[in-house]
Amino acid sequence: MINKAKLGVLVSGRGSNLQSIIDNIEKGKLNAEIAIVISDVKDAYALERARKHNIGTCFVSPKDFKARSRFFDEIAKNLEDNNVEYVILAGFMRIIPLSLINAYKNKMLNIHPALLPSFPGLGVQKKALEYGVKYSGCTVHFVDKGCDTGPIVLQAVVPVLEDDTEETLSQRILKEEHRIYPEAIDLVINGKVKIVGRKVIRK
Ligand code: GRF
């Protein structure tokens, strides 16, 4: 049995992507172990989801640290203490500092609810609707120093319908997020892809 990759999942909210990772691990589709779920929001529902599956959790309060760097030092310490090999951002609503990105170079993934490089940043389902695009989707990418700019592992496309609201489009995208995030994690932790320039190539 190959050792299971140890994941550290960073969350801030409802944690539906965390749930899909947990479910895929429990079904045996993803050979990984969630070593710790870390939240910057005390009552994030994601923490509740983790606890229900006996996964270790930790709340790091930004209010406890005067400097942003100290807050992230604490997160890094929690990741190290739990021997985390891969950091999975799953709705974590903060910009990751360079120090942490470098500590997990090519071992940190994010999921974004748009087809990057279109619509980086926040509130992107609404922006896609307002722009009038006919297709949107989601992107799993490595985290680099830019905002949603890292090499792309997987993307999924969904149609934008004329009567879509932010809510209906978000739901259609979310369904695809739950499918491709575990798939992308599998590719990365099992060394099935390599990064060449800014391209992610299947080996
Ligand atoms: C998702 O839409 C994800 O793409 C974005 O934040 C949202 C998190 O949702 N980065 P959840 O907490 O996983 O349900």
Side-chain angles (χ1 to χ4, degrees), residues 7-26 29-30 32 34 36-53 55 57-60 62 75 86-97 100-101 104 108-131 133 135-160 164-188:
L7 313 180
V9 185
L10 268 52
V11 297
S12 299
R14 82 194 144 181
S16 69
N17 277 287
L18 168 69
Q19 188 68 57
S20 95
I21 296 166
I22 294 172
D23 293 346
N24 275 271
I25 291 174
E26 290 188 349
K29 290 186 183 168
L30 182 59
I34 300 178
I36 187 82
V37 173
I38 303 175
S39 175
D40 62 337
V41 174
K42 194 173 183 196
D43 58 357
Y45 185 57
L47 292 173
E48 190 61 35
R49 292 183 193 264
R51 284 185 210 112
K52 280 186 190 156
H53 292 264
I55 297 167
T57 61
C58 153
F59 161 56
V60 181
I75 290 191
Y86 295 88
V87 174
I88 308 299
L89 305 180
F92 184 66
M93 300 301 286
R94 282 170 197 273
I95 310 253
I96 308 292
L100 193 55
I101 293 171
Y104 288 91
M108 187 185 291
L109 292 172
N110 181 42
I111 185 144
H112 181 76
L115 290 175
L116 294 170
S118 291
F119 307 113
L122 295 175
V124 296
Q125 297 96 332
K126 187 161 182 271
K127 285 178 189 161
L129 267 183
E130 284 171 358
Y131 195 93
V133 293
Y135 292 90
S136 190
C138 49
T139 305
V140 179
H141 63 92
F142 286 100
V143 177
D144 70 4
K145 61 179 180 345
C147 174
D148 300 323
T149 54
I152 292 170
V153 184
L154 286 178
Q155 290 185 303
V157 178
V158 305
V160 178
D164 261 337
T165 60
E166 187 183 352
E167 180 60 28
T168 58
L169 178 59
S170 299
Q171 278 306 321
R172 194 173 308 118
I173 293 172
L174 199 58
K175 200 168 165 229
E176 292 302 301
E177 294 186 35
H178 297 162
R179 184 175 66 78
I180 69 167
Y181 211 1
E183 210 177 306
I185 295 168
D186 172 69
L187 291 174
V188 171

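A quick note: this is a predicted structure, and the numbers were derived from the prediction, not measured. As the structure lists them, so they are numbered: ligands from 1, and atoms in each ligand from 1. Both backbone and side-chain heavy atoms feed into the values below; hydrogens, waters and symmetry mates do not.
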Under 6.0 Å from the OH atom of Y135, do we count more than 12 heavy atoms belonging to anything else shown? no
Sole residue of Q125, H178, H112 in side chain to side chain contact (heavy atoms under 4.5 Å, CB included) with I173: Q125
Identity and separation of the nearest protein heavy atom to atom 10 (N) of ligand 1: I111 O, 2.9 Å
Give the residue and atom name of whichever protein heavy atom lies nearest to atom 3 (C) of ligand 1, and the separation in Å to one decimal. E177 OE1, 3.2 Å
Considering non-hydrogen atoms only, spot the tightest contact between V60 and I38 and give its length.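 That would be CG2-CG2, 3.9 Å.
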So, are E130 and K127 salt-bridged, with charged N and O less than 4.0 Å apart?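 Judged by the 4.0 Å cut-off on N to carboxylate O distance, E130 and K127 do not form a salt bridge.
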Evaluate R14 for polar contact with ligand 1, using N/O atom pairs at a separation under 3.5 Å. yes
Which option out of G91, G15, A90 puts a heavy atom nearest to atom 6 (O) of ligand 1?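 Nearest option to atom 6 (O) of ligand 1, by heavy atoms: G91.
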